[in-house]
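For reference, the structure discussed in these notes is given below.
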Amino acid sequence: MAWMKFPGAHRAPLMFYEHARIFPSRTTPYIDPFLLLDHFSIQHPDGFPDHPHRGFEIITYVLKGAVAHADSAGHQSVIPEGGAQHVTAGRGIVHSEMPGTDGIDSGLQLWINIPRSDKGMDPGYEDIPPDALPVDEPAQGVRRKWIVGGGSPVRTHRPMTYQDVEMAAGASYTLEAPAHHQGFIFVLDGAGHLGEEEIPMQKGDLFIWHRADGEAFVPTPVRAEESLRAVMVFGEPVGERPIFNGPFVD
């Protein structure tokens, strides 16, 4: 099993305040079924006014502040810190994501591919308050929040798991996923080591694991050198090469 590391030290902000495209980029691939990950940060008057999407699902996880959402299907809500929203773009939806507070609002937005046979499905939306997302402590000094999986009410069309893991200095955690899934780790804060090889981890680093020649995922140890926070996301590949056309994926 091989983890590919993409250091965050030289990743330039795209727009606004520390808004960064984590993947894909000229040097960082997408990882089937995950099409895109943005670490966004917005503040009035900037944001993402009405824009269309088609052909995939979106999970937005708010890390700080709040995000105000409205869409062409009539949904409107404010997602607070620690909450999430799940959008099924399907055959097409227009929505906006704007600052929900007077400060800096930040979070992660993940795009998840769906098979071409399902891209014409009806669009949908759900917002999930922070207290609806399960939290457990799988090991000493480890706090795990489930955005998808682990009893979370979020139901995506692709089988997947999405964890927000916080670890105290010196704590260890073993990452597990179904053998046939692929995924990534994105380090939000702190420092540690990944795998038996003790690969250094620090804030902003992205680690991708994909199946090579049918290789199955095996449990991977993560050790916190100092307080460490990372999201760990795995899912079942679609197995179709996506066609990117801006906000549309065919």
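Source: prediction; values computed, not measured.
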Nearest non-hydrogen partners of [X] and [Y], listed with the distance:
X: M232; Y: Y173; value: SD-CE2, 3.8 Å
X: A230; Y: V187; value: CB-CA, 4.0 Å
X: K203; Y: L188; value: CG-O, 3.3 Å
X: G8; Y: D205; value: N-OD1, 3.0 Å
X: S96; Y: D50; value: CB-OD1, 3.4 Å
X: A132; Y: P153; value: O-CD, 3.2 Å

Report whether [X] and [Y] are members of the same hydrophobic cluster (ILVMFWY, side-chain heavy atoms less than 4.5 Å apart, transitive linking).
X: I93; Y: M121; value: no
X: L63; Y: V87; value: yes
X: F248; Y: W111; value: no
X: V238; Y: F56; value: no

Is a side-chain donor or acceptor of [X] paired with a backbone partner of [Y] at a separation under 3.5 angstrom?
X: S72; Y: V94; value: yes
X: D105; Y: A66; value: yes
X: T88; Y: G90; value: no

pair [X]-[Y]: side-chain heavy atoms closer than 4.5 Å:
X: D32; Y: H210; answer: no
X: R223; Y: E198; answer: yes
X: P221; Y: H193; answer: no
X: R54; Y: P247; answer: no
X: Y162; Y: I112; answer: no
X: I243; Y: N245; answer: no
X: R21; Y: T28; answer: no
X: L194; Y: V222; answer: yes

Tell me, with the steps shown, if F217 and L175 meet side chain to side chain contact (heavy atoms under 4.5 Å, CB included). CA-CA 10 Å; F217 181 82; L175 171 61; 4.1 Å; yes

Spatial distance of atom [atom1] ([X]) from atom [atom2] ([Y]) [nearest 0.5 Å]:
X: K64; Y: E81; atom1: NZ; atom2: CD; value: 8.5 Å
X: T60; Y: H69; atom1: OG1; atom2: NE2; value: 8.5 Å
X: E225; Y: M167; atom1: CD; atom2: CE; value: 11.5 Å
X: L37; Y: L108; atom1: CG; atom2: CG; value: 5.5 Å
X: I31; Y: M4; atom1: CD1; atom2: CE; value: 6.0 Å
X: L36; Y: L110; atom1: CG; atom2: CG; value: 8.0 Å

If the condition is side chain to side chain donor-acceptor pair (under 3.5 Å), which residues does R116 pass it with, not counting sequence neighbours? none

Counterpart residues, side-chain contact (heavy atoms from CB on, under 4.5 Å), relative to [X] (two or more places apart):
X: E226; answer: A191
X: P242; answer: Y30, L35, N113, F244, V249
X: E126; answer: H86, I128, V154

Verdict with reasoning, R91 to D122, per salt bridge (charged side-chain N to carboxylate O under 4.0 Å, His left out): CA-CA 6 Å; R91 64 172 181 267; D122 292 339; 2.2 Å; yes

Please test L133 against I147 for side chain to side chain contact (heavy atoms under 4.5 Å, CB included), starting from the C-alpha separation and ending with a verdict. CA-CA 6 Å; L133 297 173; I147 316 307; 4.0 Å; yes

Are F184 and F23 near enough that their ring centres are under 6.0 Å apart? yes

Derivation of the salt bridge (charged side-chain N to carboxylate O under 4.0 Å, His left out) call for D250 and K119: CA-CA 8 Å; D250 297 317; K119 289 184 183 293; over 6 Å; no

Sorted by chain and residue number, the ring-ring contact (aromatic ring centres under 6.0 Å, His included) partners of H51 (sequence neighbours excluded) come out as H53, H95

Filter on side chain to side chain donor-acceptor pair (under 3.5 Å), then keep only pairs touching residues 145-157, sequence neighbours left out; what's left? D136-W146

Where do Y125 and D71 land on the side chain to side chain donor-acceptor pair (under 3.5 Å) test, with the steps shown first? CA-CA 9 Å; Y125 175 81; D71 64 41; over 6 Å; no

Could you go through the side chain to side chain contact (heavy atoms under 4.5 Å, CB included) check for I185 and M201 one step at a time? CA-CA 10 Å; I185 298 172; M201 309 170 73; 4.0 Å; yes

Sole candidate of P159, P33, P178 that passes side chain to side chain contact (heavy atoms under 4.5 Å, CB included) when paired with E236: P159

Between M98 and I42, does a side chain to side chain contact (heavy atoms under 4.5 Å, CB included) hold up when you go through it step by step? CA-CA 8 Å; M98 300 298 290; I42 53 179; 5.7 Å; no

Mutual orientation of the aromatic rings belonging to W3 and F234 [parallel < 30°, tilted 30-60°, perpendicular > 60°]: perpendicular

